[in-house]
Amino acid sequence: MAFTVRTLLELPSARTRSLTPGIGEDRPIAWAHVCELAEPWKWLGSGALVMTTGLAVPESAADQSRYFEGMQAVGIAAVTIGEDMSAPPLTADALAHASELGFPVLETAHETPFIGLAMAVAEAAQQERAMRVQRTERLYAALGAHASDGIEPLLEDLGAVLGGTAAVRPSRRARGATHGRVEQLGARVFEVPLLAPGDPALRLTLDEHGSLDLALLQHASAIVSSALSVAAAARRHEWMYGSILLANLADGTVPPAPAERLVAAHGVGAPYAVASWPVDDPREAVEAALAGFSAAELPALATIKDGHVLLLAQDGEGLVAALESLVPSAGAIGVSAPFPALDGFASGIREANLALVHAGRNGAASVTRFEPASSGSLFLPESPSQLRALAAQVLDPLFAYDRRRGTQLLPTLRVFLEENRGWVRAADRLFIHRQTLIARVARIEQVLERDLSTLADATECWLALQAAIECGLVEPIATEDHTNVRGIGR
(Lines give C-alpha, C1' and ligand atoms only; values in the text may rest on other atoms or scores of the structure.)
Protein backbone atom coordinates (compact mmCIF):
# COMPACT_ATOMS: atom_id res chain seq x y z
CA MET A 1 0.00 0.00 0.00
CA ALA A 2 1.26 3.48 -0.86
CA PHE A 3 1.98 5.95 1.95
CA THR A 4 -0.61 8.69 1.48
CA VAL A 5 -1.70 11.90 3.19
CA ARG A 6 -4.39 9.84 4.92
CA THR A 7 -1.75 7.36 6.15
CA LEU A 8 0.16 10.25 7.70
CA LEU A 9 -2.97 11.66 9.35
CA GLU A 10 -3.85 8.24 10.81
CA LEU A 11 -0.33 7.67 12.18
CA PRO A 12 -0.58 8.26 15.98
CA SER A 13 3.06 9.20 16.41
CA ALA A 14 2.78 11.87 13.70
CA ARG A 15 0.24 13.95 15.67
CA THR A 16 -0.72 15.70 12.46
CA ARG A 17 -4.17 17.00 11.50
CA SER A 18 -5.64 18.45 8.30
CA LEU A 19 -6.59 22.11 8.06
CA THR A 20 -8.45 21.23 4.82
CA PRO A 21 -10.38 18.11 5.98
CA GLY A 22 -11.08 15.51 3.27
CA ILE A 23 -8.94 17.29 0.66
CA GLY A 24 -6.22 15.34 -1.18
CA GLU A 25 -6.04 12.55 1.40
CA ASP A 26 -5.44 9.89 -1.30
CA ARG A 27 -2.32 11.67 -2.55
CA PRO A 28 0.77 9.45 -2.26
CA ILE A 29 3.76 10.82 -0.35
CA ALA A 30 7.04 9.60 -1.82
CA TRP A 31 9.42 11.59 0.37
CA ALA A 32 9.52 14.35 3.02
CA HIS A 33 11.76 17.41 3.19
CA VAL A 34 12.08 20.48 5.42
CA CYS A 35 11.98 23.69 3.38
CA GLU A 36 11.85 27.23 4.77
CA LEU A 37 12.20 28.96 1.38
CA ALA A 38 9.51 31.31 0.11
CA GLU A 39 9.07 29.31 -3.14
CA PRO A 40 9.55 25.64 -2.25
CA TRP A 41 8.21 24.52 -5.64
CA LYS A 42 11.46 25.68 -7.23
CA TRP A 43 13.39 23.10 -5.20
CA LEU A 44 10.94 20.28 -4.47
CA GLY A 45 8.68 18.32 -6.79
CA SER A 46 6.05 15.65 -7.27
CA GLY A 47 5.17 13.46 -4.29
CA ALA A 48 7.04 15.57 -1.74
CA LEU A 49 5.74 16.38 1.73
CA VAL A 50 6.91 19.91 2.54
CA MET A 51 7.61 20.38 6.26
CA THR A 52 8.03 23.97 7.49
CA THR A 53 8.06 25.90 10.76
CA GLY A 54 6.31 28.68 8.83
CA LEU A 55 9.21 31.10 8.44
CA ALA A 56 8.46 31.58 4.73
CA VAL A 57 4.65 31.44 4.94
CA PRO A 58 3.32 34.86 3.83
CA GLU A 59 0.89 36.86 5.93
CA SER A 60 -1.80 38.06 3.48
CA ALA A 61 -4.61 35.83 2.19
CA ALA A 62 -3.62 36.51 -1.42
CA ASP A 63 0.03 35.62 -0.85
CA GLN A 64 -0.89 32.51 1.12
CA SER A 65 -3.15 31.42 -1.79
CA ARG A 66 -0.25 31.91 -4.24
CA TYR A 67 1.98 29.91 -1.86
CA PHE A 68 -0.42 26.95 -2.05
CA GLU A 69 -0.92 27.38 -5.81
CA GLY A 70 2.82 27.14 -6.49
CA MET A 71 3.14 23.84 -4.62
CA GLN A 72 0.01 22.42 -6.20
CA ALA A 73 1.29 23.28 -9.69
CA VAL A 74 4.41 21.08 -9.42
CA GLY A 75 2.63 18.14 -7.80
CA ILE A 76 3.84 18.55 -4.21
CA ALA A 77 1.73 16.09 -2.18
CA ALA A 78 1.03 18.35 0.84
CA VAL A 79 2.47 20.93 3.17
CA THR A 80 2.55 20.52 6.97
CA ILE A 81 3.21 23.54 9.18
CA GLY A 82 4.57 23.26 12.71
CA GLU A 83 1.98 24.25 15.35
CA ASP A 84 2.77 27.32 17.41
CA MET A 85 6.02 28.01 15.59
CA SER A 86 6.88 30.80 13.16
CA ALA A 87 3.93 30.78 10.79
CA PRO A 88 1.48 33.66 10.70
CA PRO A 89 -2.16 32.67 11.13
CA LEU A 90 -3.54 30.98 8.02
CA THR A 91 -6.53 32.89 6.69
CA ALA A 92 -9.90 31.27 6.06
CA ASP A 93 -9.81 32.55 2.45
CA ALA A 94 -6.43 30.94 1.79
CA LEU A 95 -7.52 27.59 3.26
CA ALA A 96 -10.74 27.74 1.21
CA HIS A 97 -8.67 28.40 -1.91
CA ALA A 98 -6.39 25.44 -1.10
CA SER A 99 -9.50 23.27 -0.76
CA GLU A 100 -10.72 24.45 -4.16
CA LEU A 101 -7.32 23.53 -5.63
CA GLY A 102 -7.47 20.10 -3.98
CA PHE A 103 -4.24 20.83 -2.13
CA PRO A 104 -3.99 19.45 1.46
CA VAL A 105 -2.70 21.80 4.15
CA LEU A 106 -1.68 20.05 7.38
CA GLU A 107 -0.55 21.05 10.86
CA THR A 108 1.89 19.04 12.99
CA ALA A 109 1.99 19.26 16.76
CA HIS A 110 4.82 21.34 18.24
CA GLU A 111 6.15 18.30 20.16
CA THR A 112 6.55 16.17 16.98
CA PRO A 113 10.02 16.45 15.41
CA PHE A 114 10.03 16.69 11.64
CA ILE A 115 12.66 13.94 11.52
CA GLY A 116 9.97 11.59 12.87
CA LEU A 117 7.71 12.38 9.90
CA ALA A 118 10.60 11.99 7.45
CA MET A 119 11.54 8.62 8.95
CA ALA A 120 7.93 7.41 8.77
CA VAL A 121 7.76 8.33 5.08
CA ALA A 122 11.17 6.72 4.42
CA GLU A 123 10.19 3.50 6.20
CA ALA A 124 6.91 3.37 4.30
CA ALA A 125 8.75 3.92 1.02
CA GLN A 126 11.18 1.12 1.89
CA GLN A 127 8.30 -1.21 2.76
CA GLU A 128 6.52 -0.25 -0.46
CA ARG A 129 9.64 -1.03 -2.50
CA ALA A 130 9.93 -4.41 -0.80
CA MET A 131 6.26 -5.14 -1.44
CA ARG A 132 6.63 -4.08 -5.08
CA VAL A 133 9.58 -6.43 -5.50
CA GLN A 134 7.52 -9.25 -3.99
CA ARG A 135 4.54 -8.49 -6.21
CA THR A 136 6.79 -8.26 -9.27
CA GLU A 137 8.24 -11.66 -8.39
CA ARG A 138 4.68 -13.01 -8.09
CA LEU A 139 3.87 -11.66 -11.55
CA TYR A 140 6.80 -13.45 -13.16
CA ALA A 141 6.17 -16.58 -11.09
CA ALA A 142 2.65 -16.66 -12.56
CA LEU A 143 4.17 -16.64 -16.06
CA GLY A 144 6.28 -19.67 -15.19
CA ALA A 145 3.43 -21.47 -13.46
CA HIS A 146 1.07 -21.09 -16.42
CA ALA A 147 3.53 -21.49 -19.28
CA SER A 148 1.48 -24.34 -20.76
CA ASP A 149 -1.98 -23.58 -19.31
CA GLY A 150 -3.17 -20.94 -21.74
CA ILE A 151 -3.70 -17.24 -21.22
CA GLU A 152 -6.79 -17.25 -18.96
CA PRO A 153 -5.18 -18.81 -15.83
CA LEU A 154 -2.26 -16.41 -16.24
CA LEU A 155 -4.59 -13.41 -16.44
CA GLU A 156 -6.42 -14.59 -13.33
CA ASP A 157 -3.20 -14.68 -11.30
CA LEU A 158 -1.98 -11.35 -12.69
CA GLY A 159 -5.29 -9.72 -11.78
CA ALA A 160 -4.99 -11.00 -8.20
CA VAL A 161 -1.54 -9.41 -7.87
CA LEU A 162 -2.63 -6.13 -9.48
CA GLY A 163 -5.75 -5.84 -7.33
CA GLY A 164 -8.37 -6.25 -10.02
CA THR A 165 -9.47 -8.24 -13.05
CA ALA A 166 -7.12 -8.56 -16.03
CA ALA A 167 -8.33 -9.36 -19.55
CA VAL A 168 -7.00 -9.25 -23.10
CA ARG A 169 -9.14 -7.14 -25.42
CA PRO A 170 -8.81 -5.66 -28.93
CA SER A 171 -6.92 -2.41 -28.58
CA ARG A 172 -8.97 0.81 -28.74
CA ARG A 173 -5.96 2.63 -30.15
CA ALA A 174 -4.79 2.81 -33.72
CA ARG A 175 -2.81 -0.15 -35.03
CA GLY A 176 0.85 0.16 -34.05
CA ALA A 177 0.15 2.50 -31.11
CA THR A 178 2.89 3.02 -28.55
CA HIS A 179 3.17 -0.14 -26.49
CA GLY A 180 3.34 0.10 -22.70
CA ARG A 181 1.61 3.50 -22.48
CA VAL A 182 -1.27 3.28 -19.99
CA GLU A 183 -4.60 4.83 -20.92
CA GLN A 184 -7.38 5.36 -18.36
CA LEU A 185 -10.77 4.32 -19.78
CA GLY A 186 -12.85 4.86 -16.66
CA ALA A 187 -12.64 5.58 -12.95
CA ARG A 188 -11.08 2.18 -12.27
CA VAL A 189 -10.37 0.84 -15.77
CA PHE A 190 -6.95 1.04 -17.43
CA GLU A 191 -5.61 -0.30 -20.73
CA VAL A 192 -2.11 -0.95 -22.07
CA PRO A 193 -1.40 -1.81 -25.75
CA LEU A 194 0.55 -5.06 -26.05
CA LEU A 195 3.45 -5.95 -28.29
CA ALA A 196 1.83 -9.15 -29.57
CA PRO A 197 0.25 -10.49 -32.79
CA GLY A 198 -2.99 -8.72 -33.61
CA ASP A 199 -2.12 -5.62 -31.52
CA PRO A 200 -4.31 -6.56 -28.52
CA ALA A 201 -4.43 -4.66 -25.22
CA LEU A 202 -4.29 -5.63 -21.54
CA ARG A 203 -7.28 -4.18 -19.70
CA LEU A 204 -7.22 -3.92 -15.90
CA THR A 205 -10.40 -3.25 -13.95
CA LEU A 206 -9.45 -2.44 -10.36
CA ASP A 207 -11.39 -3.84 -7.42
CA GLU A 208 -13.24 -1.43 -5.15
CA HIS A 209 -10.26 -1.07 -2.81
CA GLY A 210 -7.54 -1.67 -5.40
CA SER A 211 -5.07 1.04 -6.40
CA LEU A 212 -3.10 1.41 -9.62
CA ASP A 213 0.60 0.59 -9.51
CA LEU A 214 1.78 1.82 -12.87
CA ALA A 215 5.11 -0.03 -12.79
CA LEU A 216 3.44 -3.34 -11.93
CA LEU A 217 0.86 -2.87 -14.68
CA GLN A 218 3.63 -2.32 -17.21
CA HIS A 219 5.43 -5.44 -15.95
CA ALA A 220 2.15 -7.33 -16.39
CA SER A 221 1.75 -6.01 -19.93
CA ALA A 222 5.23 -7.27 -20.83
CA ILE A 223 4.41 -10.68 -19.34
CA VAL A 224 1.13 -10.97 -21.27
CA SER A 225 2.84 -9.81 -24.48
CA SER A 226 5.44 -12.54 -24.01
CA ALA A 227 2.81 -15.22 -23.29
CA LEU A 228 0.72 -14.24 -26.31
CA SER A 229 3.76 -14.18 -28.60
CA VAL A 230 4.92 -17.62 -27.41
CA ALA A 231 1.40 -19.01 -27.86
CA ALA A 232 1.21 -17.50 -31.36
CA ALA A 233 4.59 -19.01 -32.29
CA ALA A 234 3.44 -22.42 -31.00
CA ARG A 235 0.23 -22.13 -33.03
CA ARG A 236 2.18 -21.24 -36.17
CA HIS A 237 4.45 -24.24 -35.59
CA GLU A 238 1.44 -26.53 -35.19
CA TRP A 239 -0.29 -24.93 -38.18
CA MET A 240 2.79 -25.47 -40.34
CA TYR A 241 2.88 -29.20 -39.60
CA GLY A 242 -0.88 -29.41 -40.10
CA SER A 243 -0.53 -27.63 -43.44
CA ILE A 244 2.16 -30.06 -44.58
CA LEU A 245 0.02 -33.02 -43.50
CA LEU A 246 -3.02 -31.71 -45.37
CA ALA A 247 -0.95 -31.01 -48.51
CA ASN A 248 0.41 -34.57 -48.43
CA LEU A 249 -3.10 -35.92 -47.96
CA ALA A 250 -4.32 -33.89 -50.95
CA ASP A 251 -1.42 -35.13 -53.10
CA GLY A 252 -1.99 -38.74 -52.09
CA THR A 253 1.43 -39.16 -50.49
CA VAL A 254 -0.20 -40.04 -47.14
CA PRO A 255 -2.78 -42.88 -47.20
CA PRO A 256 -6.17 -42.02 -45.61
CA ALA A 257 -6.02 -44.59 -42.78
CA PRO A 258 -2.82 -43.37 -41.06
CA ALA A 259 -3.76 -39.80 -41.98
CA GLU A 260 -6.85 -40.06 -39.77
CA ARG A 261 -4.66 -40.67 -36.71
CA LEU A 262 -2.38 -37.78 -37.64
CA VAL A 263 -5.31 -35.46 -38.28
CA ALA A 264 -6.92 -36.50 -34.97
CA ALA A 265 -3.71 -35.40 -33.21
CA HIS A 266 -4.53 -31.88 -34.42
CA GLY A 267 -8.01 -32.13 -32.87
CA VAL A 268 -9.91 -32.74 -36.13
CA GLY A 269 -12.19 -35.79 -36.20
CA ALA A 270 -15.08 -37.26 -38.17
CA PRO A 271 -17.42 -36.31 -39.70
CA TYR A 272 -15.15 -34.19 -41.87
CA ALA A 273 -15.84 -31.28 -44.21
CA VAL A 274 -13.62 -29.48 -46.72
CA ALA A 275 -13.78 -25.77 -47.53
CA SER A 276 -12.13 -24.06 -50.52
CA TRP A 277 -11.63 -20.46 -51.65
CA PRO A 278 -9.17 -18.57 -53.90
CA VAL A 279 -6.39 -16.40 -52.45
CA ASP A 280 -3.80 -13.85 -53.55
CA ASP A 281 -1.42 -14.16 -50.59
CA PRO A 282 -1.27 -17.87 -49.61
CA ARG A 283 0.62 -17.55 -46.31
CA GLU A 284 -1.49 -14.69 -45.01
CA ALA A 285 -4.69 -16.43 -46.08
CA VAL A 286 -3.82 -19.68 -44.29
CA GLU A 287 -2.85 -17.83 -41.10
CA ALA A 288 -6.04 -15.75 -41.22
CA ALA A 289 -8.17 -18.86 -41.72
CA LEU A 290 -6.55 -20.77 -38.87
CA ALA A 291 -6.62 -17.71 -36.59
CA GLY A 292 -10.36 -17.36 -37.27
CA PHE A 293 -10.99 -21.00 -36.40
CA SER A 294 -8.76 -20.70 -33.35
CA ALA A 295 -10.80 -17.72 -32.16
CA ALA A 296 -13.95 -19.83 -32.63
CA GLU A 297 -12.24 -22.65 -30.69
CA LEU A 298 -12.62 -25.03 -33.65
CA PRO A 299 -9.57 -27.10 -34.66
CA ALA A 300 -8.77 -27.12 -38.38
CA LEU A 301 -6.00 -27.84 -40.88
CA ALA A 302 -5.37 -25.59 -43.87
CA THR A 303 -3.02 -25.59 -46.85
CA ILE A 304 -2.71 -24.10 -50.33
CA LYS A 305 -3.44 -26.07 -53.51
CA ASP A 306 -3.76 -24.59 -57.01
CA GLY A 307 -4.07 -21.04 -55.67
CA HIS A 308 -6.86 -21.98 -53.26
CA VAL A 309 -7.02 -22.45 -49.52
CA LEU A 310 -8.08 -25.98 -48.61
CA LEU A 311 -9.38 -26.25 -45.06
CA LEU A 312 -10.27 -29.50 -43.31
CA ALA A 313 -12.40 -29.34 -40.16
CA GLN A 314 -14.89 -31.40 -38.26
CA ASP A 315 -18.39 -30.86 -39.55
CA GLY A 316 -20.88 -29.67 -36.98
CA GLU A 317 -22.31 -26.68 -35.19
CA GLY A 318 -20.16 -23.61 -35.62
CA LEU A 319 -18.37 -24.65 -38.83
CA VAL A 320 -20.38 -22.41 -41.16
CA ALA A 321 -20.31 -19.54 -38.64
CA ALA A 322 -16.50 -19.77 -38.44
CA LEU A 323 -16.28 -19.75 -42.25
CA GLU A 324 -18.69 -16.82 -42.50
CA SER A 325 -16.33 -14.79 -40.31
CA LEU A 326 -13.73 -15.22 -43.08
CA VAL A 327 -16.04 -14.09 -45.93
CA PRO A 328 -15.13 -10.36 -45.72
CA SER A 329 -11.52 -11.19 -46.63
CA ALA A 330 -11.97 -14.47 -48.53
CA GLY A 331 -15.11 -13.72 -50.57
CA ALA A 332 -17.02 -16.79 -51.73
CA ILE A 333 -16.26 -20.04 -49.91
CA GLY A 334 -17.31 -23.51 -51.07
CA VAL A 335 -17.94 -26.28 -48.53
CA SER A 336 -18.28 -30.01 -49.16
CA ALA A 337 -20.95 -32.31 -47.80
CA PRO A 338 -19.82 -34.08 -44.62
CA PHE A 339 -17.96 -37.39 -45.07
CA PRO A 340 -17.22 -40.04 -42.42
CA ALA A 341 -13.64 -41.02 -43.33
CA LEU A 342 -10.62 -39.48 -45.03
CA ASP A 343 -10.90 -41.82 -48.01
CA GLY A 344 -13.59 -39.34 -49.03
CA PHE A 345 -11.20 -36.39 -48.85
CA ALA A 346 -10.62 -36.19 -52.62
CA SER A 347 -14.38 -36.18 -53.22
CA GLY A 348 -14.74 -33.55 -50.52
CA ILE A 349 -12.29 -31.27 -52.35
CA ARG A 350 -14.23 -31.68 -55.59
CA GLU A 351 -17.51 -30.94 -53.85
CA ALA A 352 -16.07 -27.83 -52.18
CA ASN A 353 -14.73 -26.60 -55.53
CA LEU A 354 -18.07 -27.30 -57.23
CA ALA A 355 -19.83 -25.30 -54.52
CA LEU A 356 -17.28 -22.52 -55.02
CA VAL A 357 -17.87 -22.45 -58.79
CA HIS A 358 -21.63 -22.34 -58.17
CA ALA A 359 -21.20 -19.43 -55.75
CA GLY A 360 -19.03 -17.61 -58.32
CA ARG A 361 -21.68 -17.98 -61.01
CA ASN A 362 -24.21 -16.42 -58.66
CA GLY A 363 -21.80 -13.64 -57.71
CA ALA A 364 -22.31 -14.48 -54.03
CA ALA A 365 -19.67 -13.52 -51.45
CA SER A 366 -20.89 -16.09 -48.96
CA VAL A 367 -20.49 -19.67 -47.76
CA THR A 368 -22.06 -22.09 -50.26
CA ARG A 369 -22.46 -25.71 -49.24
CA PHE A 370 -22.52 -28.67 -51.61
CA GLU A 371 -25.66 -30.77 -51.23
CA PRO A 372 -26.14 -34.03 -53.12
CA ALA A 373 -29.27 -34.16 -55.26
CA SER A 374 -30.96 -36.99 -57.15
CA SER A 375 -28.62 -36.44 -60.08
CA GLY A 376 -25.60 -36.79 -57.78
CA SER A 377 -24.85 -33.06 -57.66
CA LEU A 378 -26.75 -29.93 -56.82
CA PHE A 379 -25.12 -28.25 -59.83
CA LEU A 380 -26.08 -30.72 -62.61
CA PRO A 381 -29.32 -30.60 -64.62
CA GLU A 382 -31.84 -33.40 -64.10
CA SER A 383 -32.92 -33.80 -67.70
CA PRO A 384 -31.10 -36.68 -69.54
CA SER A 385 -30.92 -34.62 -72.70
CA GLN A 386 -29.36 -31.70 -70.84
CA LEU A 387 -26.89 -34.05 -69.12
CA ARG A 388 -25.97 -35.56 -72.49
CA ALA A 389 -25.49 -32.11 -74.04
CA LEU A 390 -23.26 -31.00 -71.15
CA ALA A 391 -21.10 -34.13 -71.43
CA ALA A 392 -20.84 -33.81 -75.21
CA GLN A 393 -19.92 -30.13 -75.10
CA VAL A 394 -16.83 -30.81 -73.00
CA LEU A 395 -15.84 -34.45 -73.57
CA ASP A 396 -16.84 -35.25 -77.18
CA PRO A 397 -13.32 -34.50 -78.52
CA LEU A 398 -11.85 -36.99 -76.05
CA PHE A 399 -14.41 -39.68 -76.88
CA ALA A 400 -13.64 -39.22 -80.57
CA TYR A 401 -9.88 -39.32 -79.97
CA ASP A 402 -10.13 -42.59 -78.02
CA ARG A 403 -12.34 -44.19 -80.71
CA ARG A 404 -9.98 -43.25 -83.55
CA ARG A 405 -6.72 -44.23 -81.84
CA GLY A 406 -7.81 -46.95 -79.41
CA THR A 407 -6.44 -44.97 -76.42
CA GLN A 408 -7.77 -44.73 -72.88
CA LEU A 409 -7.56 -40.97 -72.27
CA LEU A 410 -11.11 -40.57 -70.95
CA PRO A 411 -10.65 -43.21 -68.19
CA THR A 412 -7.32 -41.58 -67.40
CA LEU A 413 -9.05 -38.20 -67.03
CA ARG A 414 -11.67 -39.71 -64.78
CA VAL A 415 -9.18 -41.37 -62.43
CA PHE A 416 -6.97 -38.27 -62.41
CA LEU A 417 -9.92 -36.09 -61.34
CA GLU A 418 -11.26 -38.69 -58.90
CA GLU A 419 -7.88 -38.59 -57.18
CA ASN A 420 -8.08 -34.80 -57.05
CA ARG A 421 -5.25 -34.45 -59.58
CA GLY A 422 -2.93 -36.39 -57.28
CA TRP A 423 -0.21 -37.81 -59.52
CA VAL A 424 0.90 -40.62 -57.21
CA ARG A 425 -2.50 -42.05 -56.37
CA ALA A 426 -3.82 -41.69 -59.92
CA ALA A 427 -0.75 -43.45 -61.37
CA ASP A 428 -1.12 -46.25 -58.82
CA ARG A 429 -4.79 -46.75 -59.71
CA LEU A 430 -4.01 -46.83 -63.42
CA PHE A 431 -0.99 -49.16 -62.92
CA ILE A 432 1.23 -46.85 -64.96
CA HIS A 433 4.38 -44.86 -64.28
CA ARG A 434 3.98 -41.28 -63.09
CA GLN A 435 5.76 -39.95 -66.19
CA THR A 436 3.32 -41.89 -68.38
CA LEU A 437 0.45 -40.25 -66.52
CA ILE A 438 2.01 -36.82 -67.00
CA ALA A 439 2.26 -37.45 -70.74
CA ARG A 440 -1.37 -38.64 -70.92
CA VAL A 441 -2.68 -35.62 -69.01
CA ALA A 442 -0.72 -33.31 -71.30
CA ARG A 443 -2.36 -35.00 -74.32
CA ILE A 444 -5.82 -34.72 -72.66
CA GLU A 445 -5.28 -31.00 -72.12
CA GLN A 446 -4.26 -30.65 -75.76
CA VAL A 447 -7.31 -32.54 -77.05
CA LEU A 448 -9.79 -30.73 -74.77
CA GLU A 449 -7.99 -27.35 -75.05
CA ARG A 450 -8.14 -26.96 -71.31
CA ASP A 451 -5.64 -26.55 -68.47
CA LEU A 452 -6.35 -29.11 -65.73
CA SER A 453 -4.07 -27.31 -63.28
CA THR A 454 -6.71 -24.57 -63.01
CA LEU A 455 -9.76 -24.97 -60.79
CA ALA A 456 -12.19 -23.72 -63.45
CA ASP A 457 -11.15 -26.18 -66.19
CA ALA A 458 -10.77 -29.12 -63.80
CA THR A 459 -14.21 -28.45 -62.33
CA GLU A 460 -15.78 -28.14 -65.76
CA CYS A 461 -14.32 -31.51 -66.81
CA TRP A 462 -15.46 -33.08 -63.55
CA LEU A 463 -19.01 -31.81 -64.03
CA ALA A 464 -19.01 -33.12 -67.59
CA LEU A 465 -17.87 -36.55 -66.38
CA GLN A 466 -20.62 -36.61 -63.74
CA ALA A 467 -23.14 -35.67 -66.40
CA ALA A 468 -21.88 -38.53 -68.59
CA ILE A 469 -22.26 -40.94 -65.67
CA GLU A 470 -25.78 -39.70 -64.85
CA CYS A 471 -27.05 -40.08 -68.43
CA GLY A 472 -25.48 -43.53 -68.85
CA LEU A 473 -22.61 -42.69 -71.20
CA VAL A 474 -20.07 -43.76 -68.55
CA GLU A 475 -20.48 -46.57 -66.04
CA PRO A 476 -21.04 -45.37 -62.45
CA ILE A 477 -18.17 -47.50 -61.08
CA ALA A 478 -14.91 -47.79 -62.94
CA THR A 479 -13.69 -51.31 -63.69
CA GLU A 480 -10.12 -52.42 -63.25
CA ASP A 481 -9.18 -52.14 -66.92
CA HIS A 482 -10.88 -48.73 -67.25
CA THR A 483 -12.69 -49.67 -70.51
CA ASN A 484 -16.19 -48.89 -69.25
CA VAL A 485 -16.72 -45.81 -71.47
CA ARG A 486 -19.01 -45.58 -74.44
CA GLY A 487 -18.74 -42.95 -77.13
CA ILE A 488 -21.24 -40.17 -77.43
CA GLY A 489 -23.41 -40.59 -80.50
CA ARG A 490 -24.58 -37.65 -82.47
**Student:** Taking atom CD of Q184 as the centre, does the number of heavy atoms from other residues, nucleotides or ligands within less than 6.0 Å exceed 12?
**Tutor:** yes
**Student:** Determine whether a donor-acceptor pair (N or O, by modelled atom type, separation under 3.5 Å) exists between the side chain of E25 and the backbone of T4.
**Tutor:** no
**Student:** Taking side chain as C-beta onward, heavy atoms only, is V182 less than 4.5 Å from L217?
**Tutor:** yes
**Student:** Roughly how far apart are L158 CG and L143 CG, rounded to 0.5 Å?
**Tutor:** 8.0 Å
**Student:** Taking all non-hydrogen atoms of both residues into account, name the closest pair between A332 and P278 and its distance.
**Tutor:** O-CD, 4.2 Å
**Student:** Is it true that a side-chain atom of R434 and a backbone atom of W423 form a donor plus acceptor pair closer than 3.5 Å?
**Tutor:** no
**Student:** Would you call E445 and R450 a salt bridge, taking side-chain N to carboxylate O under 4.0 Å as the test?
**Tutor:** no
**Student:** Any side-chain to backbone donor/acceptor pair from D451 onto S453? Under 3.5 Å, distance only.
**Tutor:** yes
**Student:** Out of curiosity, L154 CG to L228 CG, how far, rounded to the nearest 0.5 Å?
**Tutor:** 8.5 Å
**Student:** So, the side chain of H266 versus the backbone of V268: is there a donor-acceptor pair under 3.5 Å, distance only?
**Tutor:** no
**Student:** Are the side chains of L326 and W277 in contact, using a 4.5 Å heavy-atom criterion?
**Tutor:** yes
**Student:** Is S221 reaching over with its side chain to a backbone N or O of Q218, donor-acceptor style, under 3.5 angstrom?
**Tutor:** yes
**Student:** Taking it one step at a time, do F190 and L206 satisfy side-chain contact (heavy atoms from CB on, under 4.5 Å)?
**Tutor:** CA-CA 8 Å; F190 302 86; L206 290 174; 3.6 Å; yes
**Student:** Taking only residues two or more places apart in sequence or in another chain, which ones pass salt bridge (Lys or Arg N to Asp or Glu O under 4.0 Å) with R425?
**Tutor:** E419
**Student:** Which pair of non-hydrogen atoms, one from A458 and one from L452, has the smallest distance, and what is that distance?
**Tutor:** CB-O, 3.8 Å
**Student:** Using the salt bridge (Lys or Arg N to Asp or Glu O under 4.0 Å) rule, collect all pairs that involve residues 331-348, keeping only residues at least two apart or in two chains.
**Tutor:** none
**Student:** Is the backbone N or O of I432 less than 3.5 Å from a side-chain atom of T436, with the two atoms forming a donor-acceptor pair by type?
**Tutor:** no
**Student:** Going by heavy atoms in the side chains, are C461 and L448 under 4.5 Å from each other?
**Tutor:** yes
**Student:** Kindly write out the residues that satisfy side-chain hydrogen bond (donor to acceptor under 3.5 Å, both in side chains) with T407, not counting sequence neighbours, or none if the list is empty.
**Tutor:** D402
**Student:** Check the side chains of S229 and S226 for a donor-acceptor pair under 3.5 angstrom, ignoring hydrogens and angles.
**Tutor:** no
**Student:** Between R135 (side chain only) and V161 (backbone N and O only), is there a donor and an acceptor less than 3.5 Å apart?
**Tutor:** yes
**Student:** List the steps, then state whether salt bridge (Lys or Arg N to Asp or Glu O under 4.0 Å) holds for R188 with E208.
**Tutor:** CA-CA 8 Å; R188 309 189 70 78; E208 182 179 355; over 6 Å; no
**Student:** Kindly indicate whether the side chain of V447, heavy atoms from C-beta on, has any atom under 4.5 Å from the side chain of R443.
**Tutor:** yes
**Student:** With the threshold set at 4.0 Å, does a side-chain nitrogen-carboxylate oxygen contact exist between R369 and D315?
**Tutor:** yes
**Student:** Working to the nearest 0.5 angstrom, can you tell me the gap between N248 CG and L262 CG?
**Tutor:** 10.0 Å
**Student:** Yes or no on side-chain hydrogen bond (donor to acceptor under 3.5 Å, both in side chains) for Y140 and H219, after CA distance, side-chain angles and deciding distance?
**Tutor:** CA-CA 9 Å; Y140 285 95; H219 275 293; 3.0 Å; yes
**Student:** What verdict does the side-chain contact (heavy atoms from CB on, under 4.5 Å) test give for L162 and D213, after you've listed the backbone C-alpha separation in whole Å, the side-chain angles of each residue and the deciding distance to 0.1 Å?
**Tutor:** CA-CA 7 Å; L162 295 171; D213 188 314; 5.9 Å; no
**Student:** Report yes if some heavy atom in the side chain of L44 is under 4.5 Å from a heavy atom in the side chain of V74; otherwise report no.
**Tutor:** no
**Student:** List the steps and the verdict of side-chain contact (heavy atoms from CB on, under 4.5 Å) for W41 and Q72.
**Tutor:** CA-CA 8 Å; W41 53 89; Q72 169 74 3; over 6 Å; no
**Student:** Could you measure the distance from the CZ atom of F345 to the CD1 atom of I349? Nearest 0.5 Å is fine.
**Tutor:** 3.5 Å
**Student:** Determine, step by step, whether R350 and E418 satisfy the side-chain contact (heavy atoms from CB on, under 4.5 Å) criterion, reporting the C-alpha distance in whole Å, the side-chain angles of both residues, the deciding distance to 0.1 Å, and the verdict.
**Tutor:** CA-CA 8 Å; R350 288 193 297 270; E418 283 178 348; 4.1 Å; yes
**Student:** Distance check, rounded to the nearest 0.5 Å: L437 atom CG versus R429 atom CZ?
**Tutor:** 11.5 Å
**Student:** Does the Q314 side chain pair with the main chain of Y272, one donor and one acceptor, at a distance under 3.5 Å?
**Tutor:** no
**Student:** Quick one: are L216 and L139 in side-chain contact, heavy atoms under 4.5 Å?
**Tutor:** yes
**Student:** Does a side-chain heavy-atom distance below 4.5 Å link F293 with L311?
**Tutor:** yes
**Student:** Can you see whether T253 engages D251 through a side-chain donor-acceptor pair at a distance of less than 3.5 angstrom?
**Tutor:** no
**Student:** Determine whether the side chains of N353 and S276 contain a donor N or O and an acceptor N or O closer than 3.5 Å.
**Tutor:** yes
**Student:** So how far is it from L155 CG to L202 CG, rounded to the nearest 0.5 Å?
**Tutor:** 7.0 Å
**Student:** What is the minimum heavy-atom distance between A355 and G334, and which atoms define it?
**Tutor:** CB-CA, 3.9 Å
**Student:** Write down the atom of A337, the atom of E351, and the distance for their closest heavy-atom approach.
**Tutor:** N-OE1, 3.1 Å
**Student:** Is there side-chain contact between I304 and V286, with heavy atoms separated by less than 4.5 Å?
**Tutor:** yes
**Student:** Heavy atoms only: give me the nearest R421-L455 pair and the separation to one decimal.
**Tutor:** NH1-N, 4.3 Å
**Student:** Using every non-hydrogen atom in the two residues, find where L249 and P256 come nearest and quote the distance to one decimal.
**Tutor:** CD1-CA, 4.4 Å
